[in-house]
Amino acid sequence: MNTIVDMKNLNKFYGSHHVLKDVDLSVSRGEVVVVIGASGSGKSTLIRCVNGLEMYQNGSLLVDGYQMPVEEDRLLGGEKELVAIRKGVGMVFQQFNLFPHKTVVENITIAPMRVRKKSKDEAEATALKLLERVGLKAHAYKYPGQLSGGQQQRVAIARSLAMEPHLMLFDEPTSALDPEMIGEVLDVMRELAADGMTMMIVTHEMGFAREVADRIVYIDQGAILEIGKPDEFFDNPKNDRARSFLARVLKH
Amino acid sequence: MIARSLTWSRHNLFGKPFDVLLSLTVIPGTLWLIYQAVAWAVGMAQWDIIPQSLRVLMIGIFPADQAWRSWVAVAIIAALLGAALGCVFAFRTRHAGFLALVLAILVSMTGVNTLAALTAVLVIFASAWILTSYVPMSRRVLIPASFTGLIAIFAVMSPPGAGLWGGLLLSVLLTLVTAVLSLPIGVLLAFGRRSRFSSLRMISTAYIEVMRSVPLILVVYWIWILMPVLTPELNLADVVRGMVGFTLFYSAYVAEYVRSGLQAVPRGQTEAARSLGMSEFDINRSIVLPQALRVVVPPLVGNVLDIFNAAPLVFIIGLTDFLRAGQMILANPQYGNRTYEVYSFLFFTYFLVGSLITFVARKLEAHLARGSR
Ligand SMILES: Nc1ncnc2c1ncn2[C@@H]1O[C@H](COP(=O)(O)OP(=O)(O)OP(=O)(O)O)[C@@H](O)[C@H]1O
Ligand SMILES: [Mg+2]
């Protein structure tokens, strides 16, 4: 029960391209796992499998107590678990993906109202509280296009939190931001981690990774090559390729 | 000022030898044509035929003592158009002056006995425009209101017999009904075409492709001869069968416009909504469709113009639209020598309506481009 994500022998193909190779990974509740690796190594694919945005072909994946169906079952219509899983798993994207035709508050309230059947008043009260938490209460009735990148990403985080997720997935949440805005988003994520939120994060911010992660997962060409505590991993990586990857990214 | 225009023409009209040659032939030629046309229009043309046959041009053979019914229909149309306009352009006081000008022109063309009715119609138009401009809540009822409005028009126009509908009013009604009904059907077809169920996908694709590869006139004729066979108990009027044909045909075109809009919505939008746990239906209705429609509003308005300009084709099933009504007047031997007057009137009315719709589409495009920033 303490495990929220359990991947066993998970394999994923794009046609004949083998993108995830026999991935084994389990995440406990309250844990912060940071996934790092070179571009094209399969980091996004890995965390997108967790909420079913990508389908996997074989192996097993348990999320929040539900078995994620494999591709074959999903194509045959077996998607009941998918809905249940997505209710409890939030996701934040590199490109924010806010709904541009809805105000900030509407962005945050639409899912609680439609999916959790909350009343408008209740959903809005929650939304305003969350906006206060990410420091954007003053922008509640603006449209996403009127906000800076960092502000948009904080709204996106609030939008996910409004569904009261048990697990949050972050796919390079700061990669599309100007340098001066990265800090404000990382601060919000730090607070989340301190509050005990379970998180799986893909990021290139190595300092941040070392600071918030309980474990670092290093992935290369679709296979997990090393999992370790941040200090051990960054100071003394056991895998050769992990070592040369770190040498490359930490040099500058 | 004169110097400026001289420089302008020196650069644009007499810049190169070929330009000079072209300008020297085209400009005098055009001026001569305009002179001839104006000389005819003010000197020789006998325009009295237009006011005399105005009723036929406007409502065809619809009985004169029932004309109030068509005024009610026009009022409803005015309300719907005004309300639609208010959703995108807010009413300003300067527009009131413009409307007064339109009223003056219309009255001067049709005679004072229509003053009261025309004023009422324009006041209704302006009120609906003001309502949706300043009461955003009222925009939500626009779609149900337009369906109710269309039904009301049918109800008020039907008693004398739907076979009697005609003239410009018929053309406008046909355009309006087709435009309003082909939108939901087109949206469904567009979604069908990218559905994950292959049977739905195939049916939608086949429908769209078939409709787009045959002429409108053929579809209209086919539907006209098929409907009595398929629904013998309904005994539908020619007008209704014509509207069905137009709607079925233009739905395919609307579907293609909407599909291009759907493709313009980034994948990330769907992914974000999915990861919030929203159902595919909710995602399509509240996230994807509104963004897609925004993109395709200008081409859809252009489509309305296409429908209006194609309306004369209903002569094939025996209806008397605006163009046909003009020909009917000329069939009267007493008016046989007024061909140019009647056709000029038809030409300018079509031109006026067409350029008005094009103008609105342009404005809309600019408006939406500004809004999406
Ligand atoms: N839709 C797709 N079709 C085919 N191949 C894909 C698709 N999406 C990703 N891939 C391939 O899968 C592999 C893993 O991609 P993924 O996006 O997971 O990498 P990543 O580690 O997130 O890289 P980045 O740091 O650039 O985001 C890459 O080789 C990529 O080319
Ligand atoms: Mg990626």
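Naming convention: chains lettered A, B, ... in sequence-line order (proteins, then strands); numbering from 1 in each chain. FYI, side chains are in, hydrogens and waters are out, and symmetry mates aren't considered; it's all heavy atoms of this structure. Source: prediction; values computed, not measured.
Contacts of A:Arg159 with chain B are made by both backbone and side-chain atoms, with heavy-atom separations under 4.5 Å. Residue A:Val89 touches chain B through its backbone alone, counting heavy-atom pairs closer than 4.5 Å. Interface remark: B:Thr270 contributes no atoms to any contact with chain A (heavy atom separation under 4.5 Å). A:Ile110 touches chain B through its side chain: at least one heavy atom from C-beta onward sits under 4.5 Å away, while N, CA, C and O do not. Both the backbone and the side chain of A:Phe99 come within contact range of chain B, judged by heavy atoms closer than 4.5 Å.
Residue B:Phe98 places its CZ atom among 12 or fewer non-hydrogen atoms of other residues, nucleotides or ligands, all under 6.0 Å distant. More than 12 heavy atoms of other shown residues, nucleotides or ligands fall within 6.0 angstrom of atom CG in A:Leu75. Counting heavy atoms of neighbouring residues, nucleotides and ligands inside a 6.0 Å radius, atom CZ of B:Arg362 does not exceed 12 of them. Few gaps surround CZ on B:Phe89; more than 12 heavy atoms of other groups in view lie less than 6.0 Å from it. Atom CD of A:Gln57 sits in a crowded spot, with more than 12 heavy atoms from other residues, nucleotides or ligands closer than 6.0 Å.
For B:Gln269 (side chain) and A:Leu98 (main-chain N/O), a donor-acceptor pair under 3.5 Å exists by modelled atom type.
For the pair A:Phe93 and B:Ala272, the tightest heavy-atom approach, listed with the atom from each and the gap, is CE1-CA, 3.6 Å. Scanning both residues, B:Ser275 and A:Asn51, for their nearest heavy atoms gives CB-ND2, 3.2 Å. Here the closest non-hydrogen pair linking A:Lys102 and B:Ile287 is CE-CD1, 4.3 Å.
Atoms CG and CE, on B:Leu276 and A:Met91 in that order, are 11.5 Å from each other to the nearest 0.5 Å.
A:Pro100 has its side chain within reach of B:Gln291: a pair of non-hydrogen atoms, C-beta onward, lies under 4.5 Å apart. In this structure, A:Leu53 and B:Arg274 have side chains that are in contact, with non-hydrogen atoms separated by less than 4.5 Å. Proximity of A:Lys87 to B:Met278: side-chain heavy atoms (C-beta onward) are nowhere separated by under 4.5 Å.
A side-chain donor from one of B:Ser286 and A:Arg114 sits under 3.5 Å from a side-chain acceptor of the other.
For the set A:Gln95, A:Arg48, A:Gln94, the count of heavy-atom pairs under 4.5 angstrom toward chain B peaks at A:Arg48.
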